[in-house]
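Note sheet for the following structure.
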Amino acid sequence: MSAPSGIMQHLQSRLDSKPALTILLLLHSAVTCLSLIKVATFQSYIHFSGERVWIAVAVAVAFSVVSLLFAAARFSFGYFAGFYFYTMILGFLWIDVFSDYSYDRLLAGLSAAASLVLLLLPVLFVRAPFRQLVVLSNAGFEHLLTAILVISVGTIAVASTYNFRLVAIANIYDYRDALAFPGAVRYLIGWVSSTLLPFTFACYSLLGHRWRAGLVLILLLFFYPITLTKFAFFTPAWLITLAVLSRFLEARTSVITSIFVPMLLGLVVIAVTGAAINSLPGKYFDLVNIRMMATPSSALDIYNHFFANHPLTWFCQISMLKPVMPCAYQDQLSVVMENTYGFGMINASLFATEGVASVGPYLAPLTALVAGFILALGKPRLGRTAAASRVDLQWHTTARSAQHPAHGRHGDPRHRAALPALVCDAAKHLSAARTP
């Protein structure tokens, strides 16, 4: 072992220790709250007041104890998903203190906190009870990746017949409200762009197929003129960043820093430069700190307000259930929110849709618990053969995409980043077992 390699491994091990993870987690919680203070100066639907800041600090400090679970838990699919959910709920609890919306904010905060804890316990500490029945060979797995590429090309070809505009990022909102895709095409766009292609990129990177990995990035870029979203434009750069990050850090550390570092960078840049939101630093802050981090948290604030004054859905927003049960909402919930608040098509997390919207704040923790056990079924057993673990990761892909089929203007972009980084991190554990 060379000296630089030994130093790097020692540093990786130290950063993945419980004390180091604890410090990193607490710093992450602090930066999340500080970022929201700055976000409030740019977003009218997120507020901040010096008079209530001490209440918000007390809530954040108390809730940050939950983050210590991530210093104790082992890395898994649930670890990654759970940490992103933790960041979102922490952000909501901060926003909830300053919210101008009229609903029972104490009840909503307690419900959100309980929901997260009940979700984290199974996803972090419960292992899937079922044995794997199907194991793909290396050749079979590569055929699967090729099939994903074929499906992706077909999806791009079909979707481009409905919309394909090469416009500057500053002008996308002039055309986006006119976008209309059939339901099947809309689901395929979401599955392919947010899950299948990122998964394929990570696998080709692991297998050393650099040209094919580059092809995946090109295919992802084609979704920008189709969907006219910033996330489609920046996804390739984000995937490359996460892949590089996972090569230098251990799995748990890379999960935390995948949010912490970009958010800290945005906060520092905007605070030091005092730049406007339409400047280059401001656009980075808007993309990362506002859209990727603050918007999913604020969606819970909006959903709590809306469903405190409107009928619950009782899950009728799910496409398969709507035709067979009465439903007060004929449009998708994202469209309902756009028509009511005018903030864009807010596609929120399972805490908002399957929780607040479906059953209300009292029963929302129960739906989170059920979701936690479902996600726990997808936790890979690292340390087995590479092919077996790859099948597990493919299963995660399908389960993940089914939860969030489409991304609107204010959709939850962190789901776009979660799976590829998970695969890259898991790949580090699997590379030793890979057959040549």
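This structure is a prediction, so every number in the text was calculated from the model and none was measured. Both backbone and side-chain heavy atoms feed into the values below; hydrogens, waters and symmetry mates do not.
Taken to the nearest 0.5 Å, the CZ atom of F92 stands 10.5 Å off from the OG atom of S298. Note that CG of L300 and CE of M88 are 5.5 Å apart. Values are rounded to the nearest 0.5 Å. In this structure, OG1 in T146 is found 11.0 Å from CD1 in I151, a value given to the nearest 0.5 Å. Atom OG1 in T253 sits 5.0 Å away from atom CG in L21 (nearest 0.5 Å). A distance of 10.0 Å separates OH of Y86 from CG of L120, quoted to the nearest 0.5 Å. Expressed to the nearest 0.5 Å, how far CD1 of I156 lies from CG of L188 amounts to 11.5 Å.
Across all non-hydrogen atoms, the minimal contact from I189 to A159 is CD1-CB, 3.8 Å. Scanning both residues, S102 and N309, for their nearest heavy atoms gives O-ND2, 4.1 Å. Among all heavy-atom pairs drawn from T87 and H28, the shortest one is OG1-NE2, 2.9 Å. What you find for G372 and V123 is that their closest heavy atoms are O-CG1, 3.2 Å. In terms of heavy-atom proximity, L228 sits nearest to R165 at CD2-O, 3.7 Å. L145 and C203 make their closest contact through CD1-CB, 3.8 Å (heavy atoms, listed as atom of the first residue, atom of the second, distance).
Checked by atom type and distance alone, the side chain of S152 pairs as donor or acceptor with a backbone atom of I148 at under 3.5 Å. Under the 3.5 Å distance criterion, the side-chain polar atoms of N289 are matched with a main-chain donor or acceptor of M263. Checking side-chain atoms of S35 against main-chain N and O of V31 turns up no donor-acceptor pair under 3.5 Å. Proximity of a side-chain donor or acceptor of Y224 to a complementary backbone N or O of V167 within less than 3.5 Å is detected. Of the possible polar contacts, one joining the N163 side chain to the P225 backbone as a donor-acceptor pair under 3.5 Å is found. Remark: side-chain polar atoms of T257 are not paired, donor with acceptor, to backbone N or O of F260 under 3.5 angstrom.
A centroid separation of 6.0 Å or more is found between the aromatic rings of H47 and F98.
Applying the salt bridge (Lys or Arg N to Asp or Glu O under 4.0 Å) test to pairs two or more places apart or on separate chains, none has a residue in residues 78-101. Applying the salt bridge (Lys or Arg N to Asp or Glu O under 4.0 Å) definition to pairs two or more places apart or across chains, those involving residues 197-224 are E142-R212.
The neighbour count for H310 NE2, taken as heavy atoms of other residues, nucleotides or ligands under 6.0 Å away, is above 12. Enclosure of atom CZ in F315 by more than 12 non-hydrogen atoms of other residues, nucleotides or ligands within 6.0 angstrom is indicated.
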| query | Between Y101 and Y45, does a ring-ring contact (aromatic ring centres under 6.0 Å, His included) hold up when you go through it step by step? | reply | CA-CA 9 Å; Y101 291 125; Y45 54 88; 8.8 Å; no

| Residues S358, L312; criterion side-chain contact (heavy atoms from CB on, under 4.5 Å); working and verdict | CA-CA 5 Å; S358 295; L312 299 176; over 6 Å; no

| Could you walk me through whether Y303 and M337 pass the side-chain contact (heavy atoms from CB on, under 4.5 Å) check? | CA-CA 8 Å; Y303 270 66; M337 297 302 157; 3.8 Å; yes

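Using cut-offs of 30° and 60° for the angle between ring planes, the F164 and F222 rings count as tilted. Ring geometry for F285 against F42 counts as tilted: the plane angle lies between 30° and 60°, on a 0 to 90° scale.
Checked by atom type, the side-chain pair Y103/D301 shows a donor-acceptor distance below 3.5 Å.
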Only distances under 3.5 Å count here; give the side-chain donor-acceptor pairs of residues 359-368 to other protein atoms, sequence neighbours excluded, each with its distance to 0.1 Å.
{"residue": "T367", "atom": "OG1", "partner": "E354", "partner atom": "O", "Å": "3.3"}
{"residue": "T367", "atom": "OG1", "partner": "A364", "partner atom": "O", "Å": "2.7"}

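With W94 as reference, V53 is the one residue of L34, T32, V53, V59 to meet the side chain to side chain contact (heavy atoms under 4.5 Å, CB included) rule.
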